[in-house]
Amino acid sequence: MASARKTGTRLRLKEPENRATFQSALIEWFRQHGRDLPWRRTHDPYAVLVSEFMLQQTQVATVIDYYHRWLERFPTVEALAAADEADVLRMWEGLGYYARARNLHAAARRVRDEYGGRFPRELEKIAALPGVGRYTAGAVASFAFDLSAPIVEANTARVLARLIHLRIPIDTAPGQRALWAAAEELTPAAEARLYNSALMELGATVCRSRAPQCLLCPVLRYCAAAPHDPERLPIKKARKATIALTEDCAWIVHEGRLLLQQGVGSRWKGLWKLPPLADPLANGEEPLMQLAYPFTHYQVTLRVFPAPAPLVPGANQAWCPLEGLETVAMAAPHRRAVRQLNK
DNA sequence: AACACGGGGAT
DNA sequence: ATCCCAGTGTT
């Protein structure tokens with residue numbers, strides 16, 4: 001093994017015997033260098049599911065505190081299934097992508113109602129849970145049950161794209177097909193839990209997006225990108241241009257209560273926010289405050305204007321006592337505005 | 001295939 | 001500013 005590195009021999013992952021040594025080298029490296037993350041201390045499928053939902057498009061450092069608080073509040077799948085959606089959203093507040101919270105809640109109820117509270121151990125049944133796609137299904141199957149299931153997410157996509165020197169964009173159907181095919185070929189029949197953890201960990205700490213640490217890589221001699229410029233991979237489609245827009249909302253306090261409106265569409269559904277102001281007060285009033293927040297490819301300026309109290313709250317609106325504002329789930333930019341104005 | 005969906009971290 | 005992040009569901 002060491003001689004291969006010294007002599008610079010490139011090993012082709014097309015050969016099954018090389019795949020076996022690749023897997024072993026990766027796992028051995030992980031045993032020595034893998035981080036101690038909270039969700040790696042358990043095989044409880046519910047805890048794994050919680051972590052995987054939270055980690056969708058969300059960085060590890062952001063998730064850790066939420067993960068601990070969540071399991072303290074909803075320690076079991078039964079506890080979550082029995083919870084109210086308002087409490088679920090309140091615990092998720094600030095994490096974003098709130099459909100994840102509603103889907104996790106629905107998944108818990110599905111496990112309770114369809115499987116008698118016993119988590120399904122088949123990949124197909126896991127994948128059928130709401131909010132569980134191909135990645136999350138493979139992650140739960142391998143991390144909780146050590147089933148041999150491939151995974152492709154940000155870290156492993158980058159690692160695989162470099163390993164096979166994939167020169168097409170990974171965020172296209174052909175690119176995804178190639179990555180999943182590679183993941184399937186390389187996932188071992190045994191020890192998939194360790195292997196999948198190791199592949200992700202390699203992408204997170206060594207085979208990084210910027211400044212990959214190829215000199216520290218345990219599988220460098222299998223990497224087809226190594227003779228080229230690994231940092232140029234993976235290729236992605238061009239991004240959309242950022243669009244600036246303005247949102248105006250109302251600050252209406254009456255008898256110690258603030259008027260709030262609940263999101264009903266797809267965005268911030270179930271969360272509370274300041275009521276939107278369609279007409280930015282044609283009288284040319286000054287905003288009480290404004291703040292900026294990014295949203296996908298938009299840069300939004302949120303302006304808050306004082307407004308008179310309505311005789312009755314509109315649809316999906318309610319008065320919230322000023323001292324009770326922290327108990328309701330609120331969209332993050334509105335939370336910022338409310339905290340500042342309530343001081 | 002394109003889009004919607006949040007929010008924060010890192011450079 | 002810009003890119004990125006343990007993605008999924010809808011159109």
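Note on naming: letters A, B, ... go to the chains in the order of the sequence lines (proteins, then strands), and numbering restarts at 1 for each one.
Atom C1' of nucleotide C:dT10 and atom CG of A:N103 are separated by 12 Å, given to the nearest angstrom. Spacing between atom OH of A:Y66 and atom C1' of C:dA6 amounts to 17 Å, rounded to whole angstrom units. The interatomic distance linking A:I64 (CD1) with C:dC5 (C1') rounds to 14 Å, in whole Å.
To the nearest whole angstrom, the two P atoms, one in B:dG6 and one in C:dT10, are 14 Å apart. A distance of about 23 Å separates the P atoms of B:dC5 and C:dA6, rounded to the whole Å.
Looking at the side chain of A:K237, the nearest of the listed nucleotides C:dC4, C:dG9, B:dA2 is B:dA2. Considering only the side chain of A:K236, C:dC5 comes nearest among C:dG9, C:dC5, C:dA6.
Judged as a ring pair (Phe, Tyr, Trp, His ring centres under 6.0 Å), and not counting sequence neighbours, A:F30 has no contacts. Under the salt bridge (charged side-chain N to carboxylate O under 4.0 Å, His left out) criterion, A:D84 pairs with no residue, sequence neighbours left out. Shown here are the side-chain hydrogen bond (donor to acceptor under 3.5 Å, both in side chains) partners of A:R41, two or more places apart in sequence or in another chain: A:D36. Take A:Y97 and apply the side chain to side chain contact (heavy atoms under 4.5 Å, CB included) test, not counting sequence neighbours, and it matches A:Q57, A:R100. Remark: A:Y67 engages A:W39 in a ring pair (Phe, Tyr, Trp, His ring centres under 6.0 Å) (not counting sequence neighbours).
Sequence order on DNA chain C of the closest nucleotides to A:P130 and A:W39 puts A:W39 first from the 5' end.
Geometrically, A:R336 does not engage A:Y293 in a cation-pi contact, judged by NZ or CZ lying under 6.0 Å from the ring centre and within 45° of the ring axis.
Of the residues in residues 157-174 of chain A, those lying under 4.0 Å from DNA chain B by heavy-atom distance are A:A173, A:P174. Residues of residues 148-155 of chain A that place a heavy atom closer than 4.0 Å to DNA chain C, in numerical order, are A:E153, A:A154, A:N155.
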Please report, to 0.1 Å, the donor-acceptor pairs under 3.5 Å made by any side chain of residues 121-135 of chain A, with sequence neighbours excluded.
{"residue": "A:R134", "atom": "NH2", "partner": "A:E184", "partner atom": "OE2", "Å": "2.8"}
{"residue": "A:Y135", "atom": "OH", "partner": "A:E52", "partner atom": "OE1", "Å": "2.7"}

Sequence neighbours excluded and cut-off under 3.5 Å, please list the side-chain donor-acceptor pairs for residues 138-146 of chain A, or say none.
{"residue": "A:S142", "atom": "OG", "partner": "A:G138", "partner atom": "O", "Å": "2.8"}
{"residue": "A:S142", "atom": "OG", "partner": "A:A139", "partner atom": "O", "Å": "3.3"}
{"residue": "A:S142", "atom": "OG", "partner": "A:N196", "partner atom": "ND2", "Å": "3.1"}
{"residue": "A:D146", "atom": "OD1", "partner": "A:A192", "partner atom": "N", "Å": "3.4"}
{"residue": "A:D146", "atom": "OD1", "partner": "A:R193", "partner atom": "N", "Å": "2.8"}

Q.
ring-ring contact (aromatic ring centres under 6.0 Å, His included), that's the test. Do A:W70 and A:Y66 meet it? Break it down for me.
A. CA-CA 6 Å; A:W70 188 277; A:Y66 281 91; 9.0 Å; no
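A:V264 belongs to no hydrophobic cluster with other residues, because no ILVMFWY side-chain heavy atom falls under 4.5 Å from its own, directly or through intermediates.
Residue-level contact check: A:T136 touches the backbone only, with heavy atoms under 4.0 Å from sugar-phosphate atoms and none from bases. Using a 4.0 Å heavy-atom criterion, one finds that A:R134 contacts the sugar-phosphate atoms exclusively. Nucleic acid contact for A:V63: none, since no nucleic acid atom lies under 4.0 Å from a heavy atom of the residue.
Sorted pairs that involve residues 165-174 of chain A and meet salt bridge (charged side-chain N to carboxylate O under 4.0 Å, His left out), not counting sequence neighbours, are lacking altogether.
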**Q.** Letter per nucleotide, 5' to 3', of nucleotides 4-11 of chain B [B base touched, S only sugar-phosphate touched, - untouched; heavy atoms, 4.0 Å]
**A.** SBBBBS--
